[in-house]
Number of protein chains: 4
Amino acid sequence: MEFRKSQTIYMQIADHICERILAGIIQEGERMESVREMASQTQVNPNTVMRTFSFLQEQEIIFNKRGIGYFVADDAAEKIKTMKREEFVKEYLPELFKMMQLLDIDFEELKRIYEQSKKAAAK
Amino acid sequence: MEFRKSQTIYMQIADHICERILAGIIQEGERMESVREMASQTQVNPNTVMRTFSFLQEQEIIFNKRGIGYFVADDAAEKIKTMKREEFVKEYLPELFKMMQLLDIDFEELKRIYEQSKKAAAK
Amino acid sequence: MEFRKSQTIYMQIADHICERILAGIIQEGERMESVREMASQTQVNPNTVMRTFSFLQEQEIIFNKRGIGYFVADDAAEKIKTMKREEFVKEYLPELFKMMQLLDIDFEELKRIYEQSKKAAAK
Amino acid sequence: MEFRKSQTIYMQIADHICERILAGIIQEGERMESVREMASQTQVNPNTVMRTFSFLQEQEIIFNKRGIGYFVADDAAEKIKTMKREEFVKEYLPELFKMMQLLDIDFEELKRIYEQSKKAAAK
DNA sequence: GTGGTCTAGACCACC
DNA sequence: GTGGTCTAGACCACA
């Protein structure tokens, strides 16, 4: 797994897990890979994975069965969506709107850029 | 001045200065506050302000006259716009589109949220 | 069976067994459920039950007849009471008194909380 | 500093800090020792202290000023009391009452043991 | 086998 | 100087 350096590794792993849960690749209630497994998969120190898991457990997205491993919580996908949406609206969008105003970009232009990027991705 | 913890302080100060330049509060060619003045205004370590100035100087948005102080470059506003726009399109928007897809938010909804936030700000 | 996470599972099972002995639900001299039975009842790994039994055997609360199973010792109830009382006075109470002092709780209030919890349990 | 092995070191340090705050030894708003200072004082690895601080920050008992250090929150003492009290009532007391019933100890006897332990401590 | 804690030591960005 | 992240490796209790 490749990591951007603009964000901490353990959070990138957390995001990656969340995306897999949202996409249904990991089912709710299912057992996660063990800390050591995920560490060797991602080529990362087990402590770093441990940190990811601790974070996700705090967010109640996964939970722990002692001696067995970590499991995806029943309402994990819902929790993730709520969390991400809140983050999006409260922290991300204000900056977006500010930037749009600053750069004189309106929603039409935004949409146009979006269509272009979709075409570019389709190649 | 209040700072978000998601970004470094010196960059937040840089952004703040850029906004003031774009808004015409600080004129091109005009002398900036001194490092010490700005440090005491923003309740921040002078080194941190120094770092902001160094960054803006690298971007050629301000320039230094030795022994006198920092001055806003003649084409500062234009430079800022170009810089911000590039940053916006290349780094900000891809993440935006990804988030929108992940959270099932379309442009209509985006606009709706925007209108709401404008009302909230108007209070 | 539900387990608190503040204590190990095998000790919680041990406590549960002790309580049943004190309450006379399991008679002294009587044979215990087998490790496997208890494991499936409590939804727990047989090794964990085994650990409980080993612990209780160390305390001479139960004993083993090879090939037959575990049996409650004749003076089990007495042993448990002695053990628990010692544990209570030496390890539990000092912490209780410290907490009471720290939180400004006196015996009157303790009693009051007790009465309340009894009412709540009576529902 | 000496540590019991029945609890994790980082939590014992956290408790110790909380007690010092409650006792007024560390004032609210005051800066804490740095991670490295406290690590060398307590003869513990800096990472362990870091863990303590992270925990206390989550509990909003201390907060961080970037590049400067950790500071005691304004309502730290109140937060600690609330937290400890809740923990005491919900997790500690139920066990106490159960034990008292099991061991036939009433509040009079509890008080008597308390007075004794106070005398013993006074020596 | 599992997670959890701890140590030692490195490197980094930031103040 | 500050905290924060990461690695490597050890040890432990528990299932």
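Fair warning: this is a prediction, and the values are worked out from it, not measured in the lab. Naming: A, B, ... by sequence-line order, numbering from 1 per chain. Reckoned from all heavy atoms, side chains included, excluding hydrogens, waters and symmetry mates.
Less than 6.0 angstrom separates the ring centroid of B:Y92 from the ring centroid of A:Y92.
For E:dT5, neither phosphate oxygen OP1 nor OP2 lies less than 4.0 angstrom from any side-chain nitrogen or oxygen of D:T48. Contact between the side-chain N/O atoms of A:Y70 and the OP1/OP2 oxygens of E:dG3 is not found at any separation under 4.0 Å. In terms of phosphate contacts, D:R51 brings a side-chain nitrogen or oxygen within less than 4.0 Å of OP1 or OP2 of E:dT5. Within the 4.0 Å cut-off from OP1 or OP2 of F:dA15, not a single side-chain nitrogen or oxygen of C:Y10 is found.
Note on D:F53: nothing from the nucleic acid sits closer than 4.0 angstrom, heavy atoms only. Note on C:N45: only backbone sugar-phosphate atoms sit closer than 4.0 angstrom, heavy atoms only; bases stay farther off.
Under 3.5 Å, the side chain of A:N47 and the base of F:dG9 form at least one donor-acceptor pair of N or O atoms. Residue D:R36 places a side-chain atom within donor-acceptor reach of the base of F:dG3, judged by atom type and a 3.5 Å distance cut-off alone.
Note: D:F63 and D:F71 have parallel aromatic rings, judged against thresholds of 30 and 60 degrees for the angle between ring planes.
Mapping D:Q43 and A:K65 onto DNA chain E by nearest heavy atom places A:K65 at the nucleotide closer to the 5' end. Looking at which nucleotide of DNA chain E each of D:V44 and A:N64 is closest to, the 5′-most match is held by A:N64.
When the nucleotides F:dG3, F:dA15, E:dG3 are ranked by their closest atom to the side chain of C:I9, F:dA15 comes out on top.
Residue C:D15 holds its CG atom at 9.0 Å from CG of D:L102, rounded to the nearest 0.5 Å.
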Dot-bracket pairing map - DNA chain E, Watson-Crick plus G-U, both contacts under 3.5 Å, | cross-strand: ||||||||||||||.

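The environment of A:Q101 atom CD is sparse: at most 12 non-hydrogen atoms of other residues, nucleotides or ligands sit within 6.0 angstrom.
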